[in-house]
Amino acid sequence: MSDSDIGVIGMAVMGQNIALNIESNGNRVSVYNRTGSTTESFYEERGTDKQIVPTYDLESFVDSLERPRKVLLMVKAGKPVDIFIDKLIPLLDEGDVIVDGGNSDFHDTERRIETAEDEGLLYLGTGISGGEYGALHGPSIMPGGHEEAYEIVGPLLEDAAAQVDGEPCCAYLGPHSAGHYVKMVHNGIEYAVMQSIAEAYWLMAQGLEMDPPEMSDQFAEWNERVGAYLYEITADILRQKDDRGDGFLINKILDTAKQKGTGKWSVQSALDYGVPVPTMSAAVEGRFLSAVKDERGRIGGQYKVRRPQQSLSQEFLDDLEEALYISTVSSYAQGIKLLNVASEERGYDLDLSTVARIWKDGCIIRSTLLDPIRTAYDETPYPDNLIAAPNFQSEYNDAIPALRRVVQAARAAALPVPGHSASLDYFESLTSPDLPANMIQAQRDCFGAHTYERRDAEGTFHTEWGE
Ligand code: 6PG
């Protein structure tokens, strides 16, 4: 039997599906899982008629691989990745490649790349997006790290990725943790778009008293403009009946959202670089607020906030389409701005047009919007912000008045819309040559002699304020 082209460690559903995907392109794939019975049942249920090689100890797994060996880790992000790297190091030889395909923290990836280098190994920190379906049928793949590693494993990853117009949704993004950083920001955008969609749903449900199928139709119609996976699944979700009782499932699902961390990491990194990502941040905080349901119930009981049953009008629905559209665009704008700054700070040298291209299909934030976004970043120097890109100016001009009206109407109805509000304030601030920060400068100087700058003279100044 010939040696395997690649080995996949971790046989949870993502690992299984990516192994089958790679195999379907004519590759022999060795698989290994910490618990052998999982490997066995995977092989028996899904692998017997394929070039899948089940292995039950790491030595045989490594021995089964063609050199230079390619090992794809599909294990839970965090400690399990380190544990496997530690176990693999003594078994691998110089020039072998480790690919971490999980949602790893980019700081961990930086550290692991150094460890790999010390051991003569090559390493790729690789974001893989698209859920279970994408893993099997073609995800978006975001690799970064050693370029020599990409030369070895890239063709195989490119074949496994979603394909758009003959191009794979996979490209070498840059050195260090570029791949995991891009995947983290992908998830930050994912959070922001999900929050804006959830708010639009809530405004329709609460303000217009629409029922789930009507809202589903609305999202499906709006999706004709953005061709976005997240809009598409929202339309599907709103049609799902509850198989445990009457009515629609959405009405039975608890209004508390969990999170695994990538959205929060994006916001944390943005704070470190001083890059505003208000819609992303509102989305992370929105999940925190959703999680304290008991507290919300108690405090709500104390205040008895009156939510006027204001029936919003058809015009409101037209405005809502525009508002959600531009809040969605704004979510991408913030994420891409963060990538641009992080790329300079961290030496990733990201090609933002390529990032937009590989997000076009396979991943959770895939959308036809990525076409004009790609165009906006096709030339360098890049625009200051997507808001400033010539091909988005008329979009913003048309949609911002509607976003203002939607936020206003939501305020009047006492319905929280943190994502839409954040997108609006992002635009209002970025388009304001003047902001009230002169007052903040004055206050800092007043209480702490921190000095200030003047509009009419160079240098720094201090004033003995008042007495
Ligand atoms: C993807 C997803 C995936 C993950 C979500 C969920 O790109 O396929 O982003 O990586 O399932 O990010 O994340 P939360 O649990 O934090 O919502």
Side-chain angles (χ1 to χ4, degrees), residues 10 12-18 21 72-78 80-81 99-106 108-109 125-144 157 160-162 169-171 173 177-198 228-234 237 253-270 277 279-291 328 331-332 335-336 338-339 355-367 370 419:
V13 68
M14 287 292 286
Q16 291 192 16
N17 285 359
I18 201 90
N21 176 343
L72 172 57
L73 288 174
M74 294 298 295
V75 299
K76 205 167 170 334
V81 179
V99 182
D100 170 19
N103 271 337
S104 290
D105 182 325
F106 71 92
D108 288 340
T109 303
T126 300
I128 300 183
S129 176
E132 295 170 25
Y133 182 90
L136 186 61
H137 298 284
S140 168
I141 305 183
M142 295 155 246
L157 296 178
C169 291
C170 170
L173 293 175
S177 52
H180 276 141
Y181 198 94
V182 169
K183 176 57 168 54
M184 175 188 80
V185 173
H186 163 286
N187 283 24
I189 296 171
E190 173 186 304
Y191 273 52
V193 176
M194 287 167 77
Q195 175 68 27
S196 297
I197 289 177
Y229 171 73
L230 285 169
Y231 282 49
E232 186 188 316
I233 60 165
T234 304
I237 287 166
I253 296 178
L254 199 63
D255 53 328
T256 58
K258 298 195 171 45
Q259 49 190 314
K260 289 201 280 289
T262 43
K264 185 181 78 180
W265 297 344
S266 299
V267 175
Q268 283 172 329
S269 182
V277 288
T279 314
M280 239 182 240
S281 183
V284 174
E285 286 166 11
R287 290 200 195 186
F288 292 155
L289 282 163
S290 83
T328 300
S331 305
Y332 287 91
I336 291 169
L338 174 57
L339 285 182
V355 172
R357 179 179 71 71
I358 68 169
W359 284 349
K360 176 69 200 299
D361 204 358
C363 64
I364 305 295
I365 63 166
R366 63 184 181 256
S367 162
L370 267 323

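For reference, positions follow the sequence shown, starting with 1. Whatever order the structure lists them in is the order used to number ligands and atoms, beginning at 1. The analysis underlying the following values was restricted to heavy atoms, covering all of them including side chains, and did not include hydrogens, waters or symmetry mates.
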Who pairs with Ala77 by side-chain contact (heavy atoms from CB on, under 4.5 Å), at least two apart in sequence or on another chain?
Ser104
Might you point out which heavy atoms bring Gly10 and Val75 nearest each other, and give the distance in Å?
CA-CG1, 3.9 Å
Between Arg287 (side chain only) and Val284 (backbone N and O only), is there a donor and an acceptor less than 3.5 Å apart?
no
Using a threshold of 4.0 angstrom between heavy atoms of the protein and any atom of ligand 1, which residues qualify?
Asn103, Ser129, Gly130, Gly131, Lys183, His186, Asn187, Glu190, Tyr191, Gln259, Lys260, Gly261, Arg287, Ile364
Check side-chain contact (heavy atoms from CB on, under 4.5 Å) between Asn103 and all other residues, then give those that pass, not counting sequence neighbours.
Lys183, Asn187, Thr262
Not counting sequence neighbours, which residues clear side-chain contact (heavy atoms from CB on, under 4.5 Å) with Ser281? List them please.
Val267, Glu285
Hey, are Ser266 and Tyr191 close enough side-chain-wise for a donor-acceptor pair under 3.5 Å?
no
